[in-house]
Novice: 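Mind looking over this structure? Questions follow.
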Protein chains: 2
Amino acid sequence: MSRSSTSRSAEGRRRPPTIHDVAREAGVSRGTVSRVLNGGHYVSPAAQDAVNAAIRKTGYVVNRHARSLITGRSDSVAFLLTEPQERFFEDPNFNVLLRGCTQALADRDIPLLLMIAGTADERRRNLRYIEAGHVDGVLLVSSHSGDPVVTQLRRAGVPLVACGKPLGQTAKVGYVAADDRDGAREMVRYLYASGRRRIATVTGPPDTPGGVERLAGYRETLAECGLPADESLIVPGDYSRASGEAAAGLLLERAPDVDAVFVASDLMAQGVLDTLARAGRRVPEDVAVGGFDDSPAAVASRPPLTTIRQPWDRISAEMVRMLLARIGGEEAAGVILPTELVRRESA
Amino acid sequence: MSRSSTSRSAEGRRRPPTIHDVAREAGVSRGTVSRVLNGGHYVSPAAQDAVNAAIRKTGYVVNRHARSLITGRSDSVAFLLTEPQERFFEDPNFNVLLRGCTQALADRDIPLLLMIAGTADERRRNLRYIEAGHVDGVLLVSSHSGDPVVTQLRRAGVPLVACGKPLGQTAKVGYVAADDRDGAREMVRYLYASGRRRIATVTGPPDTPGGVERLAGYRETLAECGLPADESLIVPGDYSRASGEAAAGLLLERAPDVDAVFVASDLMAQGVLDTLARAGRRVPEDVAVGGFDDSPAAVASRPPLTTIRQPWDRISAEMVRMLLARIGGEEAAGVILPTELVRRESA
DNA sequence: CTGAAAGCGCTTACAG
DNA sequence: CTGAAAGCGCTTACAG
C-alpha cells in the first residue's frame with residue numbers, strides 16, 4: 001500500500017503513472033503490460049497476475065491519447081444534434097435519448113461528445129472535427145429529409161447511426177426508430193374501438209418520418225375500419241404546443257362534430273387540450289384525445305394523455321450497439337422497435 | 001486545387017494529412033508548421049503564408065491525440081451531473097444549461113464530454129476517467145451539500161466550476177449561481193405590493209442552495225414589510241410537481257385564508273396550481289402564485305406563471321469562462337448573477 | 001526566424 | 001509466451 005490510492009498532491013496534478021512504472025513494478029517489459037491491457041492474449045498467468053497487481057498498486061490508468069495516436073481510434077463517439085432538430089433539445093424525449101446513449105456508452109467506457117450544429121458555422125466546425133477522425137462514429141439526431149450533414153458524413157465514410165429513419169437516404173445510413181406507423185394504427189384502432197366515429201388527426205411536418213408515418217397509419221386504420229376518408233379531419237402541425245392549439249381551432253371550425261383526435265405528439269396534444277377546454281368541450285367525454293411519445297408532457301397535461309409510448313431506452317441502447325458494430329465494420333441496417341399504447345384519462 | 005476538399009474515399013477513411021505533409025507542401029520544417037499552428041510566434045510572414053496556404057491545400061487538421069500526448073492537456077472538458085442532481089436531467093433548465101455550455105465551449109473549439117454519475121459505480125468510473133487527466137476540467141452540476149464528488153475532485157486538484165453554490169465547501173470550489181435570495185425577495189415584494197398579506201411559501205429541499213436561499217429571501221422580505229412570521233405558511237417541497245400539489249393541500253388546511261404563495265420552482269408551482277384549481281380557488285383572483293426559474297413549465301402552465309427568471313445563458317457562459325480561467329491557473333471564485341421578475345398571469 | 005532532434009506514452013509486428 | 005525496437009503525429013527547448 002506504499003503509494004497506492006492517489007498519486008496526486010492536494011495542490012495540483014502530478015504526473016500519473018505510465019505503462020513503464022507498471023512494467024517495472026511487475027518485473028516485466030512494457031510490451032507485456034500492454035498485452036494484458038489489450039485482452040491478455042499471449043501472456044502467462046503469472047505475468048498476468050503480476051501486471052494486474054502492479055496496476056492496482058500504482059493506480060495506473062491508460063493514457064488514451066497515446067493509445068489513440070497509435071491505434072488510430074479515438075475510442076469516443078459524438079452525439080450530434082443538427083439544425084432542423086435543434087428544438088428537439090427542448091423536447092423531453094431528447095433527455096431520455098441523450099441519457100440513454102451516454103449510459104450505454106459509459107458501460108463500455110466510451111465517452112460521449114455532445115455536439116450541437118444549430119448554425120451553418122457550427123455545422124462546419126463539427127463536421128471538421130468529426131472528419132478529422134477525432135471520434136470513431138456519430139449518433140445523429142436529424143430526421144428531416146435532405147439534411148446536408150447526413151450526406152457529408154456518409155461521404156466522409158464516418159460510421160453513423162441516426163435516430164429515426166433518415167427520409168430519402170436510408171440506403172447507407174444505419175438507423176433506429178420506433179414503429180411510428182404501427183403506433184398510429186394502434187391508437188386509431190383504440191379510438192375506434194371506444195366508439196368514436198369522427199376521428200381527426202393533427203400531423204407532424206411532412207418532411208419528418210413521424211409526420212408521414214403516423215399519418216399513414218391513421219389513414220390505413222380508418223380505411224380498415226370502414227370510416228370514410230375525410231380530408232377536413234386532417235390538420236397539419238409542427239410538433240409545437242402552439243401548433244396543436246391552432247390545429248384544434250381549425251378542426252373545430254371545419255368539423256364541429258369531431259369526437260376524437262389523434263395527435264402526432266404529446267406536446268401538440270397539450271395544445272389541442274387547451275383549445276378544447278376553451279371551447280368548452282369535455283375530454284374525453286365529448287372529444288377523446290390521443291397523443292404520441294409518452295413524454296413527461298403526457299403526465300403533466302390535464303387530463304393526463306392516453307398516448308403511444310416510444311421505447312427510448314431501447315432506442316438509445318440499440319443506437320449505441322449498432323454504432324459500435326458499424327465501427328467494427330458491420331454493414332448499415334435499420335431497426336424498427338415496437339411502440340406501446342399507454343392508457344390514461346384523455347381517451 | 002489538386003487534392004484539396006476531401007482526402008477520403010467514398011468507401012472509407014483515408015490517412016489524413018499530417019504536419020509533415022504540410023511542411024513539405026510549404027517547403028519548411030515541421031517545427032515551423034507547428035509554430036504557426038500554435039500562435040505564429042517567431043515565424044516570418046513569408047513562412048506564415050506558405051504554411052497557411054499548405055494547410056488549406058492539404059485540408060490539414062491537427063491530430064489532437066498527438067498534441068495532447070506531448071502537452072499533457074486534453075483540450076476537452078467534462079460536464080458532470082452527479083447523483084442527487086440526476087433528476088435535474090428531467091428539468092428543462094438543464095437543457096438550457098447544457099446547451100449553453102456546449103456552445104460556449106464550441107466557440108473555443110473545446111469538446112464537451114457528457115458524464116452522468118447516477119450510481120456509485122458510475123461515479124467511480126467517471127472520477128477515474130477525470131483523475132486520469134482525460135479532461136482538463138469539469139463543469140459540475142451538483143448543488144446538494146456534502147457531495148462526495150466535489151471533495152474527491154478537489155482533492156485530485158482538478159479544475160472545477162459548479163453550477164450553484166456548493167453548500168459548505170465554497171472555499172476552494174469555483175461556482176456560478178443566480179441570486180436566489182434576491183430573486184425571492186423581489187417576488188415576495190411584488191406579491192406584497194399587489195396587496196397580498198397572507199403570503200405563504202413552498203420551499204425547496206433544505207440541503208440545496210435554492211432551498212435555503214429562497215426561503216431566507218422570503219423571510220427577510222416579510223419582516224421588512226412588517227408582516228408577522230407565521231411558520232404555518234411555510235411548507236417544504238422537493239422541487240417536484242407532486243410535492244407542489246401536496247404542499248398546497250397542506251397549506252389550504254393550515255391557512256385557508258392564504259392569498260398568495262411564493263413557490264421555489266415552476267414545477268412545484270404547477271402542482272400548486274393543480275391543487276388550487278381542484279379546491280376551486282381562482283388564480284390570481286383568490287390566490288396569487290409566483291414561481292421560480294422561468295422554465296418552459298412557466299409558459300405551459302394554466303394560467304402562465306409569474307416567476308423569477310434565472311439567467312441560464314449567462315450562467316453557462318460564465319461557468320465556461322471561469323473554468324477556462326481556472327485551467328489557466330486562476331484562483332477559484334464565486335459569481336452571483338442577478339435574476340429578473342417575469343410577469344405573467346398567475347400573480 | 002528556423003531546422004534538427006528528442007520525447008510524450010502507448011501498441012504491434014518481429015525475433016526469439 | 002516475452003523482450004527490444006520502431007513508430008504513431010505532434011511540441012519544444014536547443015542550437016544556429
Side-chain angles (χ1 to χ4, degrees), chain A residues 7 13-52 54-55 58-76 109 129 131-136, chain B residues 7 13-52 54-55 58-76 109 129 131-136:
Chain A
S7 60
R13 315 174 85 163
R14 285 246 193 83
R15 200 176 65 69
T18 71
I19 205 175
H20 185 248
D21 300 318
V22 176
R24 191 161 17 110
E25 183 73 42
V28 299
S29 74
R30 286 143 60 207
T32 298
V33 175
S34 181
R35 269 174 226 115
V36 350
L37 250 28
N38 293 282
H41 305 306
Y42 303 100
V43 183
S44 66
Q48 272 285 10
D49 294 346
V51 169
N52 284 136
I55 287 176
T58 55
Y60 172 78
V61 176
V62 69
N63 180 322
R64 287 176 176 240
H65 302 304
R67 172 181 282 174
S68 292
L69 182 54
I70 186 150
T71 63
R73 283 173 288 116
S74 74
D75 292 317
S76 68
D109 218 42
Y129 188 92
E131 292 186 348
H134 293 328
V135 293
D136 295 338
Chain B
S7 61
R13 313 174 86 162
R14 286 245 193 85
R15 200 178 64 71
T18 73
I19 206 176
H20 185 249
D21 299 318
V22 175
R24 190 159 19 108
E25 183 72 42
V28 299
S29 75
R30 284 143 61 208
T32 298
V33 174
S34 182
R35 270 175 226 115
V36 351
L37 249 28
N38 293 284
H41 305 305
Y42 302 101
V43 184
S44 66
Q48 272 285 11
D49 294 346
V51 169
N52 283 135
I55 288 176
T58 55
Y60 171 79
V61 177
V62 70
N63 181 321
R64 288 176 175 240
H65 302 305
R67 171 181 284 174
S68 292
L69 181 54
I70 187 150
T71 62
R73 284 174 286 116
S74 75
D75 293 317
S76 68
D109 218 42
Y129 188 92
E131 291 185 349
H134 292 329
V135 293
D136 295 336

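Side-chain atoms are counted along with the backbone in the values below, which use heavy atoms only and exclude waters and symmetry mates. Below, read A as the first sequence line, B as the second, and so on, with proteins coming before strands; counting in each chain starts at 1.
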Novice: Whole angstrom is fine here: how far is it from CG in Leu69(A) over to C1' in dC8(C)?
Specialist: 9 Å

Novice: Looking only at side-chain N and O atoms, does Ser68(A) come under 4.0 Å of OP1 or OP2 in dC8(D)?
Specialist: no

Novice: Search all heavy atoms of Ala50(B) against all heavy atoms of Ala26(B) and return the closest pair with its distance.
Specialist: O-CB, 3.6 Å

Novice: Go through the steps for Asn63(B) and Ile19(B) under the test side chain to side chain contact (heavy atoms under 4.5 Å, CB included), then give the verdict.
Specialist: CA-CA 9 Å; Asn63(B) 181 321; Ile19(B) 206 176; over 6 Å; no

Novice: Expressed in angstrom and rounded to an integer, what is the separation of His134(B) atom NE2 from dC8(C) atom P?
Specialist: 18 Å

Novice: To the nearest Å, how far apart are His41(A) NE2 and dT2(D) C1'?
Specialist: 16 Å

Novice: When rounded to the nearest Å, what value does the distance between C1' atoms of dG16(C) and dT12(C) take?
Specialist: 16 Å

Novice: Given atom CZ of Arg64(A) and atom P of dG9(D), what is their separation to the nearest angstrom?
Specialist: 20 Å

Novice: Under 4.0 Å between a side-chain N or O of Ser29(B) and OP1 or OP2 of dG3(C)?
Specialist: yes

Novice: Give me the atom names and distance for the closest heavy-atom approach of Arg24(A) to Asp21(A).
Specialist: NH2-OD1, 2.9 Å

Novice: Polar atoms only, N or O, under 3.5 Å: list the protein pairs with nucleotides 10-12 of chain D and their distances.
Specialist:
{"unit_1": "dC10(D)", "atom_1": "OP1", "unit_2": "Tyr60(B)", "atom_2": "OH", "d": "2.7"}
{"unit_1": "dC10(D)", "atom_1": "OP1", "unit_2": "Asn63(B)", "atom_2": "N", "d": "3.4"}
{"unit_1": "dC10(D)", "atom_1": "OP2", "unit_2": "Ile19(B)", "atom_2": "N", "d": "2.7"}
{"unit_1": "dC10(D)", "atom_1": "O5'", "unit_2": "Tyr60(B)", "atom_2": "OH", "d": "3.3"}
{"unit_1": "dC10(D)", "atom_1": "N4", "unit_2": "Arg30(B)", "atom_2": "NH2", "d": "2.7"}
{"unit_1": "dT11(D)", "atom_1": "OP1", "unit_2": "Asn38(B)", "atom_2": "ND2", "d": "3.2"}
{"unit_1": "dT11(D)", "atom_1": "OP1", "unit_2": "Arg67(B)", "atom_2": "NE", "d": "2.7"}
{"unit_1": "dT11(D)", "atom_1": "OP1", "unit_2": "Arg67(B)", "atom_2": "NH2", "d": "3.1"}
{"unit_1": "dT11(D)", "atom_1": "OP2", "unit_2": "Ser34(B)", "atom_2": "OG", "d": "2.6"}
{"unit_1": "dT11(D)", "atom_1": "O5'", "unit_2": "Ser34(B)", "atom_2": "OG", "d": "3.4"}

Novice: Do side-chain atoms of Ser68(B) reach the backbone of Arg73(B) as a donor and acceptor pair under 3.5 angstrom?
Specialist: yes

Novice: Which class fits the ring pair His65(B) and His65(A): parallel under 30°, tilted 30 to 60°, perpendicular over 60°?
Specialist: tilted

Novice: Starting at atom CG of Asp21(A), determine the distance to atom C1' of dC8(C), rounded to an integer number of angstrom.
Specialist: 14 Å

Novice: Who is the Watson-Crick or G-U wobble partner of dG16(D), with both distances under 3.5 Å?
Specialist: dC1(C)

Novice: Strictly by modelled atom types, are Asp136(A) and Ser74(A) linked by a side-chain donor-acceptor pair under 3.5 Å?
Specialist: yes

